[in-house]
Engineer: 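This is the structure, below, for whatever I ask next.
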2 protein chains.
Amino acid sequence: MSPRKIQILQQASALMRTKGYASTTVRDIANSLNIEASSLYNHISSKEEILETICASLANQFESGILEINDIYFNAKEKLKMAIESHIRILTQDLNASYVFIHEWRNLGENALNEFVRRRDLYEKEFRDILYLGEKEGTFTDVDEKFVVITILSSLNSTIEWYKPNGQLSPKDVSNKLSDFILNGLLNSQA
Amino acid sequence: MSPRKIQILQQASALMRTKGYASTTVRDIANSLNIEASSLYNHISSKEEILETICASLANQFESGILEINDIYFNAKEKLKMAIESHIRILTQDLNASYVFIHEWRNLGENALNEFVRRRDLYEKEFRDILYLGEKEGTFTDVDEKFVVITILSSLNSTIEWYKPNGQLSPKDVSNKLSDFILNGLLNSQA
DNA sequence: TTGCATAACTAACAAGCGTTAGTTAGTCGA
DNA sequence: TCGACTAACTAACGCTTGTTAGTTATGCAA
């Protein structure tokens, strides 16, 4: 991928984060790079290709992250913590792209959309496997895995709504907070 | 509000849920009602008014729900459970509208957008107050309230991604599951 | 020096957008 | 029966959209 194309994807992510995919025009993107809209087409084949590239790139990262963790032998609690950490590390690496990934994937064309959903289901399945393991071990309470996985992932994804890359908290700090919340809940166990 | 206008809002919500606000055209909406696009303007003043109406209606419900709960004297645990139940009851009442409310509010015009954010912040503040109370009582662990409220609300909102109105679970069942998850976490306290 | 690749440009297209103007058929209370 | 109201229509406007065609300046490799 050429440096210029990377630059285009970054500008596009930033715009789509605030305006959404559909409301971001190729002229907007071109404008932010101080070139004409038609010049973009020396680097991309269509507007949708931008969205596909952003979404596929993040999907790749999430997928290889969870597969690596589930390939090694660990107990469920450790695996879940690692999965959360991997998810947050990827999310916080490029907030603009993450935002587009999470909120704009519905705008993908039919084929890319089907592929996206397929891969998301796979990712959720890997998380469910961790929960199954935890119940078998007796570490986790009996839960509705499908429900809990969606709830957990939604909690993790909410990070992009408030996280500041140059703020006090490192990605690791954030995943620690989330792991604590997800594992222990709000109630004070001392009381 | 005339029955016809309600019908328009319902069709619009359904379309915007799947296609998004920006990609749903007034011709799409008219088409789903078997009328011409221009005929819509006998009932609405603009496309954006549709979005504003949907968002404002839900904001009203959420707001009066939480204010009512926080006005009465209860302990934090009870308040939180009630707030969750209220939130889920409203969300599940009209899934299409809820979906638009949660995912499409960014498309509001400048004024409506500012108002929306203001009201959302107020809603979050009411939730934070419950957490403060819980910590004062010693019921809840010390938490980063701002972080936790966003995380909780994101968990609650994920309900619209999977909930089936004619399925096994009532809204009350769902809020019970969520309350349990949020209060107790995943770890088995017996073990 | 020639020739190709890159990355920009101008100009334009066809389609689709939200919206307006003006008209018309049906309904209903006075 | 009349006049106002409602809710639909046809036709069209001006603008924006993603995209294409053709051109041009620059820089590097043979």
Side-chain angles (χ1 to χ4, degrees), chain A residues 1-56 96 100 103-113 116, chain B residues 1-56 96 100 103-113 116:
Chain A
M1 185 129 55
S2 75
R4 192 55 163 163
K5 182 153 189 182
I6 293 174
Q7 214 178 4
I8 290 171
L9 292 175
Q10 280 172 346
Q11 291 289 341
S13 310
L15 288 167
M16 290 174 185
R17 178 184 186 175
T18 42
K19 309 184 55 169
Y21 172 79
S23 300
T24 301
T25 71
V26 291
R27 283 172 180 82
D28 289 335
I29 301 167
N31 227 297
S32 77
L33 293 154
N34 290 115
I35 60 175
E36 293 298 315
S38 55
S39 305
L40 278 177
Y41 288 83
N42 288 314
H43 306 277
I44 59 166
S45 66
S46 70
K47 183 189 175 187
E48 208 207 308
E49 195 215 32
I50 295 176
L51 185 59
E52 286 176 16
T53 307
I54 294 171
C55 290
N96 293 336
V100 172
H103 287 114
E104 303 296 331
W105 59 270
R106 262 164 214 275
N107 294 284
L108 288 166
E110 203 187 341
N111 289 342
L113 186 67
F116 184 94
Chain B
M1 183 131 54
S2 75
R4 192 53 164 165
K5 182 154 187 182
I6 294 173
Q7 215 177 2
I8 289 171
L9 292 175
Q10 281 172 345
Q11 291 289 341
S13 311
L15 288 168
M16 290 173 184
R17 178 184 187 175
T18 42
K19 307 184 57 172
Y21 172 78
S23 301
T24 302
T25 71
V26 292
R27 283 169 178 86
D28 288 335
I29 301 168
N31 226 299
S32 76
L33 293 153
N34 289 115
I35 61 174
E36 293 297 316
S38 57
S39 306
L40 278 177
Y41 288 82
N42 288 314
H43 306 277
I44 60 166
S45 65
S46 69
K47 182 189 174 187
E48 208 206 308
E49 194 214 32
I50 295 177
L51 186 58
E52 286 175 15
T53 308
I54 294 172
C55 290
N96 292 337
V100 172
H103 286 116
E104 304 297 330
W105 60 269
R106 261 164 215 276
N107 295 284
L108 288 166
E110 202 188 342
N111 289 343
L113 186 66
F116 184 94

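Each chain gets a letter, A, B and so on, in the order the sequences are listed, and its residues count up from 1.
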Engineer: Roughly, in whole Å, what's the span from CG in Asn31(B) to P in dC17(C)?
Structural biologist: 11 Å

Engineer: Suppose the criterion is salt bridge (Lys or Arg N to Asp or Glu O under 4.0 Å): which pairs have a residue in residues 8-20 of chain B, not counting sequence neighbours?
Structural biologist: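 Found Lys19(B)-Asp28(B).
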
Engineer: Starting at atom CD1 of Ile44(A), determine the distance to atom C1' of dA8(C), rounded to an integer number of angstrom.
Structural biologist: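 Roughly 15 Å, once rounded to whole Å.
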
Engineer: Out of dT10(D), dT19(C), dA8(C), which nucleotide sits closest to the side chain of Ala37(B)?
Structural biologist: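 So the side chain of Ala37(B) is nearest to dT19(C).
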
Engineer: Go through the structure and list residues passing side chain to side chain contact (heavy atoms under 4.5 Å, CB included) with Ala22(B), not counting sequence neighbours.
Structural biologist: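 For Ala22(B), the residues satisfying side chain to side chain contact (heavy atoms under 4.5 Å, CB included) (neighbours in sequence not counted) are Ala22(A), Ser23(A), Asn107(B).
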
Engineer: If a pair satisfies side-chain hydrogen bond (donor to acceptor under 3.5 Å, both in side chains) and one of its residues is in residues 40-50 of chain A, list it, with sequence neighbours excluded.
Structural biologist: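 Pairs touching residues 40-50 of chain A that pass the test: Lys5(A)-Glu49(A).
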
Engineer: Restricting both atoms to N or O, compile the protein contacts to nucleotides 12-18 of chain D shorter than 3.5 Å, with distance only.
Structural biologist:
{"unit_1": "dG18(D)", "atom_1": "OP1", "unit_2": "Lys47(A)", "atom_2": "NZ", "d": "3.0"}
{"unit_1": "dG18(D)", "atom_1": "OP2", "unit_2": "Val26(A)", "atom_2": "N", "d": "3.0"}
{"unit_1": "dG18(D)", "atom_1": "N7", "unit_2": "Arg27(A)", "atom_2": "NH1", "d": "2.8"}
{"unit_1": "dG18(D)", "atom_1": "O6", "unit_2": "Arg27(A)", "atom_2": "NH2", "d": "3.0"}

Engineer: So which atom in Thr24(B) and which in Met16(B) form the shortest heavy-atom distance, rounded to 0.1 Å?
Structural biologist: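 Smallest interatomic distance, heavy atoms only, reads OG1-CA, 3.6 Å.
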
Engineer: Taking side chain to side chain donor-acceptor pair (under 3.5 Å) as the test, write out the residues that go with Arg4(A), two or more places apart.
Structural biologist: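 In terms of side chain to side chain donor-acceptor pair (under 3.5 Å), with neighbours along the sequence ignored, Arg4(A) is linked to Gln7(A).
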
Engineer: Nearest heavy-atom pair of Val100(A) and Ser13(A): which atoms, and what distance?
Structural biologist: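 Closest approach of Val100(A) to Ser13(A), heavy atoms only: CG2-O, 3.7 Å.
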
Engineer: Could you tell me the separation between the CG atom of Leu33(A) and the P atom of dT6(C), rounded to a whole number of Å?
Structural biologist: 19 Å

Engineer: For nucleotides 21-27 of chain C, tabulate all protein N/O to nucleotide N/O atom pairs closer than 3.5 Å, reporting atom names and distance.
Structural biologist:
none

Engineer: Using a strict heavy-atom distance below 4.0 Å, which residues from residues 1-17 of chain B are in contact with DNA chain D?
Structural biologist: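 Correct list: Arg4(B).
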
Engineer: Are any of the side-chain heavy atoms of Ile54(A) and Glu104(A) separated by less than 4.5 Å?
Structural biologist: no

Engineer: Might you work through the side chain to side chain contact (heavy atoms under 4.5 Å, CB included) test for Leu108(A) and Glu52(A), ending with a clear yes or no?
Structural biologist: CA-CA 7 Å; Leu108(A) 288 166; Glu52(A) 286 176 16; 3.7 Å; yes

Engineer: Measure from CD on Glu36(B) to C1' on dT19(C) and round the result to the nearest Å.
Structural biologist: 14 Å

Engineer: Does dA8(D) have OP1 or OP2 sitting under 4.0 Å from an N or O in the side chain of His43(B)?
Structural biologist: yes

Engineer: For residues 30-37 of chain A, please give each side-chain donor-acceptor pair under 3.5 Å, one per line with the distance, not counting sequence neighbours.
Structural biologist:
{"unit_1": "Ser32(A)", "atom_1": "OG", "unit_2": "Gln11(A)", "atom_2": "OE1", "d": "3.2"}
{"unit_1": "Ser32(A)", "atom_1": "OG", "unit_2": "Ile29(A)", "atom_2": "O", "d": "2.8"}

Engineer: Atom CG of Leu40(A) and atom P of dT19(D): how far apart are they, to the nearest Å?
Structural biologist: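 Atom CG in Leu40(A) sits about 10 Å away from atom P in dT19(D).
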
Engineer: Looking only at heavy atoms, what is the nearest atom pair of Leu51(A) and Tyr21(A), with distance?
Structural biologist: CB-CE1, 3.7 Å

Engineer: With Arg106(A), which residues qualify under side chain to side chain donor-acceptor pair (under 3.5 Å), at least two apart?
Structural biologist: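 Scan of Arg106(A) (side chain to side chain donor-acceptor pair (under 3.5 Å), adjacent residues dropped) gives Tyr99(B).
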
